[in-house]
Each structure stands twice: as structure tokens, then as C-alpha cells.
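Reviewing the structure listed below.
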Amino acid sequence: MLVEFLNLGRQPIANGFLKQEDFDKEFFYSLRVGFDPDTQQLSLLELPKAEQMFNGGYVYRSSGSATMVEHFKEAALTLVEKDDANVLEIGSNDGVFIRNIPKHLGVCVEPCDNFASFTERMGYTTYNNFWDTKTAEKILRNHSRFDYIFSANCMCHIPDLDEAFRAIDMVLAEDGIFCFQDPCLQSMLEIGSYDQIYDEHAHIFSPYYIRHVTRKHGLKIFRIRHFPDIHGGSNRYYVCKAKNVDYPETDVFDKKYSLGDMIAWGLSIKGNTDNLVKELQHYKLMGKKIIAIGATSKSTTVYNYAGIGPDLIEYITDSTTEKQGLFSPGTHIPIVSPEKGLDKSVDVVYLGAWNFKKEIMAKYRYQLRDDVKYITHVESKDNIYR
Ligand code: TMP
């Protein structure tokens with residue numbers, strides 16, 4: 001049973017970047033988080049409706065960083081071993097993965113209309129639907145079952161995982177492979193990246209919980225790959241039918257957590273957030289110019305939990321043109337292009353996209369001063385540049 005261990009307060013839609021005239025209409029909910037020590041399930045206890053988050057106005061583009069373009073190319077090249085294999089992608093966004101699959105073999109599922117028409121225009125049959133058994137039935141009317149199914153940063157978005165895995169079982173070929181990747185619970189706990197918790201992430205997966213869910217649906221995990229640098233630590237799970245004798249079920253070695261561990265972690269992130277605010281206030285009092293790079297959905301959690309607005313962070317730069325000219329959800333920090341916002345007058349940069357720190361620091365090196373300070377709330381030594 002899920003027990004509430006953390007309340008990150010009143011939060012807006014994390015990807016709901018908005019115009020000034022829409023400030024009054026903004027929707028808020030309570031970001032409450034539960035944990036079940038028996039299954040290691042971590043899930044949100046209150047969620048906005050799916051249509052409030054995933055619709056034609058969805059602005060997050062998976063191809064927004066060179067790191068991710070390269071990462072998904074590797075995913076496609078290492079997953080698909082047979083030349084004529086058919087591949088289904090669930091949550092195909094702007095096609096960053098599927099573009100590596102021949103057009104006649106790739107099929108997409110994407111609930112956001114803008115991105116569904118994007119992959120359709122690229123030449124891939126795309127179902128503009130949420131992932132469930134109804135969508136699976138619709139697909140099976142037109143296609144045979146799939147040799148490979150891929151999904152990145154999408155399964156953790158689906159509140160009803162039983163329904164999602166039932167649908168996977170329906171469309172997966174008897175000897176097929178379902179490969180999916182999502183942020184990893186252990187990494188989040190170790191580096192204090194509590195900003196992985198926001199409305200879209202209905203769950204943060206532990207391999208124990210994935211084992212629990214897959215077993216319930218006649219499936220098994222036969223391989224797990226960990227990527228420490230992807231979204232601060234992601235796991236890629238390889239799943240097949242339980243009766244597939246080619247692949248034995250893999251052992252799961254991650255750390256197991258108690259409810260006490262989770263409560264202690266919740267207290268520690270409160271401390272980290274207080275320290276971040278103190279640090280920003282300190283620089284502000286010294287008259288420093290503080291900005292942020294990366295108008296991420298993650299940072300919505302931090303800004304709203306910590307109460308960080310334009311009084312502390314003057315503006316955010318983001319390379320996504322659809323976000324420029326809008327304001328951050330809830331605390332309304334203006335978003336501008338990197339060309340407009342990054343120059344030698346900047347003293348301190350809060351890394352909203354701390355997960356792309358290397359790419360960001362290399363890319364904007366010449367626009368910013370050498371002595372610019374990068375700060376983040378994330379604890380990993382690797383992520384802190386002071
Ligand atoms: P993400 O961490 O949720 O993937 O979002 C990253 C955001 O950061 C996305 O809006 C694009 C933005 N970004 C930049 O503005 N400059 C960059 O160099 C990179 C890599 C990302």
C-alpha cells in the first residue's frame with residue numbers, strides 16, 4: 001500500500017509554460033508522493049488529468065539536445081537486430097528514436113496532436129492516442145504483433161501500469177522484446193534530484209517494482225542497463241514474455257528502501273532546497289545577476305516548492321523556440337532565447353537542465369564569462385561547479 005512520505009506543495013502543470021494573460025487561469029494541484037516498501041513502488045498520490053498535461057500545446061522536444069539524439073540513435077541501433085523487424089514506439093514525441101527505423105517498419109503512438117502529426121509527416125504511421133488496451137486493439141486491426149516495442153520516458157507517465165502492461169502483452173510478438181527506459185529511483189535518491197518528481201512522472205521506477213508489475217502480466221525482465229548521465233540516472237529495461245525460453249529473468253540488484261529511508265530523504269531535500277534559496281539570496285544581496293539555463297519541467301517542481309521567482313532568477317534561457325516569450329509555470333520567470341539572454345553580464349547560472357551540464361557548459365562557453373558560477377540543487381559531486 002502506498003504511504004504518503006513527501007508533500008512538495010501546490011504545483012502547476014510542470015510543462016505548462018504560459019503567457020502573461022493566462023496567469024489568472026493557471027491550474028494547481030498538490031504534489032504528494034507515496035511509497036510502498038513491499039513493492040518499492042513510488043507514485044504520485046494526486047494527478048492532473050492526462051489531457052491537461054499531454055495535448056497539442058505540449059512543448060517538450062526530445063531532440064532538444066545533441067546528447068539525447070545520440071542516445072536514442074544508439075538505443076535503436078543496439079535494440080533492432082533483424083533487418084525486417086517491425087517496431088512500435090510508444091510516446092514517440094518528435095521522432096528522435098523512430099527516425100532510426102525504416103519508415104515502412106516503424107509505427108508510433110503519441111497522445112500530443114502536434115507531435116503525432118510530426119511523425120506522421122516524417123512518414124511513420126502514427127496513432128494519436130494514449131497507450132492502453134483500446135489503442136492496442138486498434139493497432140492490431142492494422143498491424144501484426146511487434147518484434148520490438150520501444151518507449152522512453154513514457155511508461156512512468158502512465159498512472160495505470162496494469163492497463164499499460166496488459167496492452168504491451170497484447171501487441172508483443174511471442175519472441176518479441178519490449179525495451180523501455182525511465183528515470184531510476186536509486187539515482188534520484190542518491191543525488192537528491194527530487195525535481196524528477198512532477199505531474200508527468202506518475203511513478204519513479206525501481207527495478208523491483210518493474211519486476212513486480214511485469215510478473216503480474218506474464219512478462220519478465222531479462223536485462224537492465226543503467227545510464228548514469230541520462231536524466232541524472234535512467235534504467236533501460238528489456239522485457240519479454242515469461243514463457244520465452246531464450247532469455248532467463250535477470251536478477252535485480254538495486255538497493256531496497258524502507259519507509260524510514262524515504263522519510264529521511266524527504267527531510268534532506270528540504271534542507272537542500274533551503275540551502276539553494278539561501279545561496280541565491282546571498283548572490284542577489286551581493287548584486288549579482290542570476291539567471292537559469294533550461295526551462296525544464298523538472299525545475300517547475302524546484303521553483304514552486306522553494307518559492308523561487310523572478311525576484312531571484314531574472315530570466316531563464318531555453319533553446320526551444322516554443323518556450324521563448326512564455327513564463328515558467330507557477331512562479332512566472334520569463335523565458336528568453338540563449339542568444340538574447342546569455343552574455344558577459346551574467347554572474348550566476350542555475351542549471352534548470354543540470355542533466356545536460358556538459359553539453360550546456362561547452363555550448364555557451366563563449367557567450368558567458370569564464371568565472372560564471374554554475375549552481376544546482378543536485379548533490380552529485382559531478383554536478384556541482386563552485
Ligand atoms: P529536459 O532536461 O527535461 O530534457 O529539458 C532540457 C531543456 O533544456 C529543454 O527545454 C531544452 C533546454 N536546453 C537548452 O536550452 N540548451 C541546451 O544546450 C540544452 C542541451 C537544453
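In what follows, every heavy atom counts, from backbone to side chain, and hydrogens, waters and symmetry copies are set aside. In each ligand, atom 1 is the first atom listed, and ligand 1 is the first ligand listed. Remember, predicted model here, so these are calculated numbers, not experimental data.
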task: Measure from the ring center of Tyr364 to the ring center of Tyr366 and say whether it is less than 6.0 Å.
output: no
task: Count the heavy atoms belonging to other residues, nucleotides or ligands that lie under 6.0 Å from NZ of Lys216, then report whether that count exceeds 12.
output: yes
task: Kindly indicate, with the supporting measurements, whether the criterion ring-ring contact (aromatic ring centres under 6.0 Å, His included) is fulfilled by Phe178 and Tyr237.
output: CA-CA 8 Å; Phe178 171 39; Tyr237 302 91; 9.5 Å; no
What are the distances between nitrogen or oxygen atoms of ligand 1 and protein nitrogen or oxygen atoms, counting only those under 3.5 Å?
from	atom 1	to	atom 2	distance (Å)
ligand 1	2 (O)	Lys298	NZ	2.5
ligand 1	2 (O)	Asn355	OD1	3.3
ligand 1	2 (O)	Asn355	ND2	2.9
ligand 1	4 (O)	Tyr60	OH	2.6
ligand 1	10 (O)	Asp318	OD1	3.0
ligand 1	10 (O)	Asp318	OD2	2.7
ligand 1	10 (O)	Thr320	OG1	3.3
ligand 1	10 (O)	Lys323	NZ	2.7
ligand 1	15 (O)	Ser319	N	2.9
ligand 1	15 (O)	Ser319	OG	3.2
ligand 1	16 (N)	Tyr364	OH	2.8
ligand 1	18 (O)	Lys363	NZ	2.7
ligand 1	18 (O)	Tyr364	OH	3.3

message: Closer than 3.5 angstrom, by distance alone: can the side chain of Asp169 be matched with the main-chain N or O of Lys241 as a donor-acceptor pair?
response: no
statement: In this structure, CZ of Phe97 is separated from CZ of Phe72 (nearest 0.5 Å) by 9.0 Å
Test applied, ring pair (Phe, Tyr, Trp, His ring centres under 6.0 Å); reference residue, His332; option that passes from Tyr315, Phe17, Phe23, Tyr303: Phe23
